[in-house]
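What you see below is based on every heavy atom in this structure, not just the backbone, and it leaves out hydrogens, waters and symmetry mates.
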Amino acid sequence: MIKTRAEQTKTSEYNNKGGKAFDLYDLKEFNGINPKIKQFSYVELDCGEEVPFHVHEGNAENYYIISGSGIYNDNGKDIPVSDGVITFTPSGQGHALKNTGNEKLCFIALVLLN
């Protein structure tokens, strides 16, 4: 099964000022996909924007950074990230990601249910 970018569901998330923060493309829209996959998305985070800090309960999340650069908040510890970096946030822990670069920060987000 194959889906082109035009066939993927795209949603936009907005910052607290009403401006667009990022676009999210749903990559899990296939019949028969593993039911433990809560989210599998390609994300384009705009310059200066962020995925706010949040805690995972009952699921875990991985990010795989494709391009761009930013600061990843791993339970209060800020860590620089760029292409090729993978992150993991287990259930009961939290994270955030801010684009600190001069281009979109593009990454894959995968959330698996426990």
Short side-chain to backbone donor-acceptor contact, Lys3 and Glu29, under 3.5 Å: yes
Nearest-0.5 Å distance, OG of residue Ser82 to CG of residue Leu105: 9.5 Å
side-chain contact (heavy atoms from CB on, under 4.5 Å) between Ile71 and Leu97, worked out: CA-CA 6 Å; Ile71 299 294; Leu97 179 61; over 6 Å; no
Same apolar cluster (I L V M F W Y, side chains within < 4.5 Å links), Leu110/Val81: no
Shortest non-hydrogen separation from Ala96 to Pro52 and the atoms involved: CB-C, 3.8 Å
Inter-residue atom distance Asp26.CG - Thr11.OG1, 0.5 Å rounding: 8.0 Å
Ser12 side-chain N/O to Asp23 backbone N/O, donor-acceptor pair under 3.5 Å: no
Exercise: identify the closest heavy-atom pair between Phe88 and Ala60: CE1-CB, 3.7 Å
Pairwise distance CG(Asn73) to NE2(His54) - rounded to 0.5 angstrom: 10.5 Å
Nearest-0.5 Å distance, CZ of residue Phe22 to NZ of residue Lys20: 10.5 Å
Trace of the side-chain contact (heavy atoms from CB on, under 4.5 Å) decision for Tyr72 with Asp78: CA-CA 6 Å; Tyr72 180 79; Asp78 289 338; over 6 Å; no
Pairwise distance NZ(Lys38) to CG(Asn114) - rounded to 0.5 angstrom: 10.5 Å
Side chain to side chain, Tyr25 and Ser41, heavy atoms closer than 4.5 Å: no
Over all atoms of both residues, closest heavy-atom pair of Arg5 and Glu44: NH1-OE2, 3.8 Å
Over all atoms of both residues, closest heavy-atom pair of Cys106 and Tyr42: SG-OH, 3.3 Å
Neighbour count >12 (heavy atoms, 6.0 Å) for atom CG, Asn34: yes
Donor-acceptor contact below 3.5 Å, side chain Asn62 vs main chain Thr87: yes
Closest approach of Cys47 to Lys104 (non-hydrogen atoms, all atoms of both residues): SG-N, 4.2 Å
Asn99 (side chain) donor-acceptor with Leu45 (main chain) under 3.5 angstrom: yes
Non-hydrogen side-chain atoms of Leu27 and Gln8 separated by less than 4.5 Å: yes
Heavy-atom check, side chain of Glu49 versus side chain of Asn15, under 4.5 Å: yes
Shortest non-hydrogen contact from Ile2 toward Glu7: O-OE1, 4.1 Å
Min side-chain heavy-atom separation Asn75-Gln93 under 4.5 Å: yes
Candidates Ile86, Val85, Ile108 - the one meeting side chain to side chain contact (heavy atoms under 4.5 Å, CB included) with Ile65: Val85
Note, Tyr63 side chain near His95 side chain (heavy atom, < 4.5 Å): yes
Pairwise side-chain contact, Ile66 with Asp83, heavy-atom cut-off 4.5 Å (strictly under): no
Note, Ile37 side chain near Leu112 side chain (heavy atom, < 4.5 Å): yes
Hydrophobic cluster identity match, Val43 and Phe40, side-chain contacts under 4.5 Å: no
